[in-house]
There are 2 protein chains.
Amino acid sequence: MAVYSANVSERRQQPPELAISTVIFALRPDADSARPTIWLPLVRRTRQPYRDLWALPGGPLSQEESLQDAARRNLQDTTSLQPSYLEQLYAFGGLDRSPVQRVVSIVYWALVKPDVAALARETENVRWFRADHLGQLAFDHNQIVDYALWRLRNKVEYSSIAYAFLGEKFTLAQVREVYEAVLGKELDPANFRRQLRAATDIEATDEYLQGGRHRPPRLYRYTGSTSPGNGPLG
Amino acid sequence: MAVYSANVSERRQQPPELAISTVIFALRPDADSARPTIWLPLVRRTRQPYRDLWALPGGPLSQEESLQDAARRNLQDTTSLQPSYLEQLYAFGGLDRSPVQRVVSIVYWALVKPDVAALARETENVRWFRADHLGQLAFDHNQIVDYALWRLRNKVEYSSIAYAFLGEKFTLAQVREVYEAVLGKELDPANFRRQLRAATDIEATDEYLQGGRHRPPRLYRYTGSTSPGNGPLG
DNA sequence: GCAAAAGTGTTGCTCATACACCCATGA
DNA sequence: TCATGGGTGTATGAGCAACACTTTTGC
């Protein structure tokens with residue numbers, strides 16, 4: 001990333017650096033309530049500026065990869081995760097984002113499924129945080145995460161993105177829990193299930209989830225487009 | 001922009017170039033029907049690649065300006081226009097956008113009011129085109145315009161962006177014509193006016209537009225936020 | 001049987017559409 | 001007086017929120 005030893009006169013001469021960062025969301029059960037909540041992985045900065053603060057996974061754009069490929073590699077490198085959804089969020093290019101060299105960051109946001117997220121290993125310098133319990137992050141990354149959350153909340157309401165958080169088969173209650181976690185409010189189970197059943201992009205299987213201490217719920221499958229993201233390029 | 005003389009081995013060594021481009025929309029009356037249609041200014045390329053093809057206004061990012069300022073300067077330089085709305089569209093970074101050096105373009109889109117657009121002077125190398133009558137443009141600019149149009153159509157339906165196309169005072173029929181031009185379909189005047197009057201962000205003046213050959217319509221004024229755009233930074 | 005979640009039915013409200021109809025002006 | 005768009009009234013239907021109610025399981 002930025003070179004800390006640069007001074008102001010150097011700064012004026014260098015072209016803006018171009019970096020890719022990624023906000024990665026997954027759902028994990030809350031320790032207390034056991035209900036799903038939004039988590040994301042961050043990396044500890046080992047260099048100045050903002051040394052020892054947590055930051056979004058990111059890095060420079062390599063020569064021979066597209067922006068989206070760079071974001072995907074990014075995910076792979078820092079957390080070994082394969083996203084089920086990946087979309088460009090925004091390009092941040094304010095003058096004072098970094099105290100040293102000017103950096104323009106093209107930020108992506110991603111969703112990962114719980115089985116994939118479970119594989120992610122935490123290390124000294126990679127840790128998962130609850131999205132609503134972040135401390136102060138490096139650079140403008142708090143702002144970026146807030147914006148990504150805003151986009152997630154919007155998108156969950158008018159698209160089928162919620163299934164990117166779930167495995168192949170799921171109960172309607174699990175879908176509802178995704179919505180409740182993202183929107184931060186409880187939804188009427190009866191009305192919610194009707195809305196889902198009216199949607200054309202899920203279908204009932206003839207399997208039921210056993211093991212609860214109540215009537216076993218039916219399992220459903222997502223039948224809509226499985227493309228991991230969208231944008232102007234299709 | 002890109003340096004045409006670069007060869008492949010040079011290309012691999014240079015970092016990706018960072019450029020800003022802007023899609024500028026204005027409404028102009030169609031010559032035949034006299035109804036408003038969407039137009040945008042393009043600039044003729046005077047250098048390779050894509051010499052003599054039309055392209056979006058754009059240029060490199062200067063050292064000491066934010067992305068949005070660069071887009072605004074861009075508008076000013078090529079068309080002398082002040083936008084009434086300006087928002088980031090997308091960052092395009094595919095490997096083969098330019099046949100020479102790799103270019104990452106951060107694209108903005110803008111709306112201008114008719115009085116402002118009327119001031120724009122056409123020159124040998126700057127001309128306005130109907131958005132639905134563009135020929136082949138340079139680079140991937142057809143794709144970019146299509147995406148900008150898609151965003152415009154979406155945004156007009158859930159935000160108050162339409163007023164950015166209009167002057168200070170306007171009739172409800174003029175607002176309807178904006179929607180019809182953008183959405184490409186006719187709307188019921190009676191129902192449309194009810195929807196607008198239910199909205200809180202316009203208010204009636206006590207003036208009427210004289211000069212038509214029918215009952216003079218009342219003029220209204222937009223009272224909502226006048227901020228020329230939005231994004232994660234507020 | 002009882003608790004708990006799955007799943008269904010019903011009612012009432014809000015809002016969009018369709019369209020009939022009246023109003024005010026210029027020619 | 002007629003044509004034209006401005007402007008109002010109203011019936012119909014779709015969709016959603018609220019909530020009562022039935023079903024099926026584990027204990």
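Checking C:dA24, C:dA18, D:dA18 against the side-chain heavy atoms of A:Arg194 singles out D:dA18 as nearest. Checking C:dT17, D:dG5, D:dA20 against the side-chain heavy atoms of B:His214 singles out D:dG5 as nearest. In this structure, of C:dT25, C:dA5, C:dA18, it is C:dA5 that holds the atom nearest to the side chain of A:Arg215. The side chain of B:Gln195 approaches C:dT17 more closely than any other nucleotide in the set D:dT24, C:dA24, C:dT17. Side-chain proximity of B:Ala190 to the nucleotides C:dG9, C:dT25, C:dC19 is greatest for C:dC19. Comparing C:dC23, D:dA17, C:dT17 by their nearest atom to the side chain of B:Asn191 picks out C:dT17. Distances from the side chain of A:Arg176 to the nucleotides C:dA18, C:dA6, D:dG6 place C:dA6 closest. Listed candidates were D:dG6, C:dG7, C:dA6. Nearest to the side chain of B:Ala173 is D:dG6. The listed nucleotides are D:dG7, C:dT8, D:dT25; the one nearest the side chain of B:Pro217 is D:dG7.
Rounded to a whole Å, the CG atom of A:Leu172 is 20 Å from the P atom of D:dT23. What separates OH of B:Tyr208 from P of D:dG6 is a distance of 14 Å, to the nearest Å. Taking atom CG of residue A:Leu209 and atom C1' of nucleotide C:dA4, one finds them 15 Å apart after rounding to whole Å. Look at CZ on B:Arg193: it is 18 Å from P on C:dC22, rounded to the nearest Å. In this entry the distance linking CD of A:Glu207 with C1' of C:dA6 reads 17 Å, nearest Å. What separates CD of B:Glu186 from P of C:dA18 is a distance of 13 Å, to the nearest Å. Taking atom CZ on A:Arg197 and atom C1' on D:dG15, their separation rounds to 18 Å, with Å as the unit. Look at CG on B:Asp188: it is 13 Å from C1' on D:dG5, rounded to the nearest Å.
Taking only distance into account, the side chain of B:Arg213 never meets the base of D:dT4 through a donor-acceptor pair shorter than 3.5 Å.
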Evaluate the criterion salt bridge (charged side-chain N to carboxylate O under 4.0 Å, His left out) for residue pair B:Glu180 and B:Arg35; output intermediate values, then yes/no.
-> CA-CA 9 Å; B:Glu180 289 179 338; B:Arg35 294 206 290 209; 5.0 Å; no

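Ring planes of B:Tyr147 and B:Trp150: parallel class, angle under 30° (limits at 30 and 60°).
Checked against a 6.0 Å centroid threshold, the rings of B:Tyr163 and B:Phe170 count as neighbours.
Nucleic acid contact class of B:Gln210 (heavy atoms, under 4.0 Å, all strands): none.
For B:Glu203, the CD atom is densely surrounded, since the number of other residues' heavy atoms within 6.0 Å is greater than 12.
Remark: B:Arg218 is not in phosphate contact with D:dG6, judged by side-chain N or O atoms under 4.0 Å from OP1 or OP2.
In this structure, A:Asn142 contributes its side chain and A:Leu137 its backbone to a donor-acceptor pair below 3.5 Å.
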